[in-house]
Trainee: 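Below are the structure tokens for one structure; questions will follow.
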There are 2 protein chains.
Amino acid sequence: MNDRQPGSTSPKAQLIAGEVRRRIVEREWQQGERIPDEADLAVTFGVARATVNKALQLLADEGLLDRRRRAGTRVALNPVRKAIFTIPIVREQIERAGMKYGHRVVAQRRSPIPDETAARIGVPPGREFIHLRAVHYGDERAFQFEDRWINPDSVPGLDKVDFRHQNANEWLVRNAPYLRADIAFSAENADARDARMLGVPKGQALLILHRSTWNDTGPITTVRIACHPGYVISTAD
Amino acid sequence: MNDRQPGSTSPKAQLIAGEVRRRIVEREWQQGERIPDEADLAVTFGVARATVNKALQLLADEGLLDRRRRAGTRVALNPVRKAIFTIPIVREQIERAGMKYGHRVVAQRRSPIPDETAARIGVPPGREFIHLRAVHYGDERAFQFEDRWINPDSVPGLDKVDFRHQNANEWLVRNAPYLRADIAFSAENADARDARMLGVPKGQALLILHRSTWNDTGPITTVRIACHPGYVISTAD
DNA sequence: AGAATAATTAAGTTTAGACATAATTCAATA
DNA sequence: TATTGAATTATGTCTAAACTTAATTATTCT
């Protein structure tokens, strides 16, 4: 993740983090073992304690170190495997792949949210949301099918937006900053609608992305995105 | 992500990050707009510039701010949606759900890696790796089926380990810290083997997790994990 | 006008020092 | 012996000040 070329001039904190990482990988410092405290390391590396602190914080965030006040810093027994994924905006993703972006709204209307959706975002069932279904295309081939519910009370001016000419995702990203977001991946067999929208056989395994966002006033939007077969979400950019 | 209760005594950097986040969400600072510089904010908030810097860094990491030297700090036009997933150790995940963990090794032998796998980890095809297939159970029900290739040269003493009595994942986590990791999610229809191992019908949509790790000396292991139907990977802990 | 150059500015990083806080250790007490 | 409480200690956080670096702006020269 934080790979730095050895030749490049890195900030000292990065260099120190790299050196500590190396000592762990090379087993100089064993799993579970206590490592020298910040003051010691500051002396041995010839930097200020704050710099050592920054480096160790970094490794703790990565899950490689366990740190506790007074108790000291230890090499993590069970290095947590964390993965950071950046969820791109569809259009950018498609265009970056050199394809022509297309967008078709299948339906836009107000209707009461289904119970399952209501439960997902913590809203009493039966509330009226804006229901939007759209397909995103790359070079005329279906890329994603999104089934979205938008809280009409979450953003002022929402009612006047015509999402047939305005990508809902992008409009929301620009106009409805959120405080909390939930993202989940799963796999589902394509149902009849998924199959029709994406142009794939029924039963085809699809990567499903559920994303919901909240404001301080409540939920903004929740969406189920069905990705075309072969879609891969990866840490590698 | 970094939600703090308003009542709790947060560090100042957290409080400032929260306040800046609020101003963005409340549209006091619009998308793309330049916000006051660190020195100004330090004065208005009555803290040192380093503290403001820490807070703004935090928000920049979240993708809410764009910062460039000399150019100043602006509210991000396209807030990047980042998601941090912690990939748990299977056994812990199962036990945390209150189920009994079980583990069965289906096969363990040395054999040449297939071309596709070789390409994935950047190794000349035909090299001999340790090939391991295992099923993880929760309360006797299949939870994950893993198909793993381990580089015998990556960790000393690897050849002597009998993974029938020793969970490969955990052994590797403890004994083979890695420098780089790649994780990818996708969806696949269960093939005959997946179906048999997981006890599901052929064609069932499965969430597939590909994970590979590298050392400075080369690849350590690569694994394809097929998760039971209904498996969800989520940002919410 | 256009290109090259210098000055300026805002973020990036580091430092030394201080105080806060959580855990541990150890002694005193019931 | 168990409990309480104080001293200790390593990390957590903050501050003020300085320096570094990238990008912009202004200036000078052609």
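Letters go in sequence order (proteins before strands), and every chain restarts at 1.
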Trainee: Tell me if the side-chain of A:R70 makes a donor-acceptor pair with the base of D:dG12, cut-off 3.5 Å, by modelled atom types.
Mentor: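 Not at all, since no donor on one side and acceptor on the other fall under 3.5 Å apart.
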Trainee: Do the ring planes of A:F143 and A:Y231 sit parallel (below 30°), tilted (30 to 60°) or perpendicular (above 60°)?
Mentor: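 It falls in the perpendicular class, over 60°.
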Trainee: Kindly assign one of parallel, tilted or perpendicular to the pair A:F85 and B:F185, based on the angle between their ring planes and the thresholds 30° and 60°.
Mentor: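 Judged by the thresholds at 30° and 60°, the geometry between A:F85 and B:F185 is tilted.
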Trainee: Which comes earlier along DNA chain D counting from the 5' end, the contact point of A:Q57 or that of A:G72, where each point is its nearest nucleotide?
Mentor: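 With A:Q57 and A:G72 compared, the 5'-side residue is A:G72.
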Trainee: Any idea which of C:dA10, D:dC14, C:dA16 is nearest the B:R34 side chain?
Mentor: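 Closest nucleotide among those given: C:dA10.
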Trainee: C:dA20, C:dT15, D:dT24: which one has an atom nearest the side-chain heavy atoms of A:A50?
Mentor: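 Output: C:dT15.
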Trainee: For B:R22, does the CZ atom have more than 12 heavy-atom neighbours from other residues, nucleotides or ligands under 6.0 Å away?
Mentor: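 Result for CZ/B:R22: enclosed.
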Trainee: Consider the side chain of B:T73, meaning its heavy atoms from C-beta on, and name the nucleotide among C:dT14, D:dC14, C:dA11 that approaches it most closely.
Mentor: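 Closest of the options to the side chain of B:T73: C:dA11.
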Trainee: At 4.0 Å (heavy atoms only), tell me whether B:A39 reaches a base, stays on the sugar-phosphate, or touches nothing.
Mentor: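 B:A39: no heavy atom of the nucleic acid under 4.0 Å.
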Trainee: Send over the distance from B:D66 CG to C:dA10 P, rounded to a whole Å.
Mentor: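 Answer to the nearest Å: 18 Å.
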Trainee: Decide yes or no on side-chain hydrogen bond (donor to acceptor under 3.5 Å, both in side chains) for A:R148 and A:T221, but give the supporting numbers first.
Mentor: CA-CA 7 Å; A:R148 183 185 293 273; A:T221 184; 3.3 Å; yes
Trainee: Which whole-number value in Å describes the distance from A:R74 CZ to D:dA10 C1'?
Mentor: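 The answer, rounded to whole Å, is 12 Å.
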Trainee: Which of these nucleotides, D:dT13, D:dT11, C:dT25, is closest to any side-chain atom of A:D37?
Mentor: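 Of all the options, the side chain of A:D37 is nearest to D:dT11.
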Trainee: Give a yes/no on whether any side-chain N or O of A:N53 is located under 4.0 angstrom from OP1 or OP2 of D:dT13.
Mentor: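 No.
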Trainee: State, without any angle test, whether A:Y101 and A:H136 hold a side-chain donor-acceptor pair at a distance under 3.5 Å.
Mentor: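 Result is yes, a qualifying pair exists.
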Trainee: Hey, does A:R68 reach any base, or is it just sugar-phosphate, or nothing, if we go heavy atoms under 4.0 Å?
Mentor: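 Since only primed, P, OP1 and OP2 atoms lie under 4.0 Å of A:R68, the category is sugar-phosphate.
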Trainee: Report the nucleotide, chosen from C:dA11, C:dT15, C:dT24, that has the shortest atom-to-atom distance to any side-chain atom of A:A71.
Mentor: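 Per side-chain heavy atoms of A:A71, the pick is C:dT24.
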Trainee: Measuring to OP1 and OP2 of D:dT15, would you say a side-chain N or O of B:T51 lies under 4.0 angstrom away?
Mentor: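 True: B:T51 side-chain N/O within range (under 4.0 Å) of D:dT15 OP1/OP2.
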Trainee: Mapping A:G46 and A:R49 to their closest nucleotides on DNA chain C, which lands nearer the 5' end?
Mentor: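 Whichever sits nearer the 5' end wins; that is A:G46.
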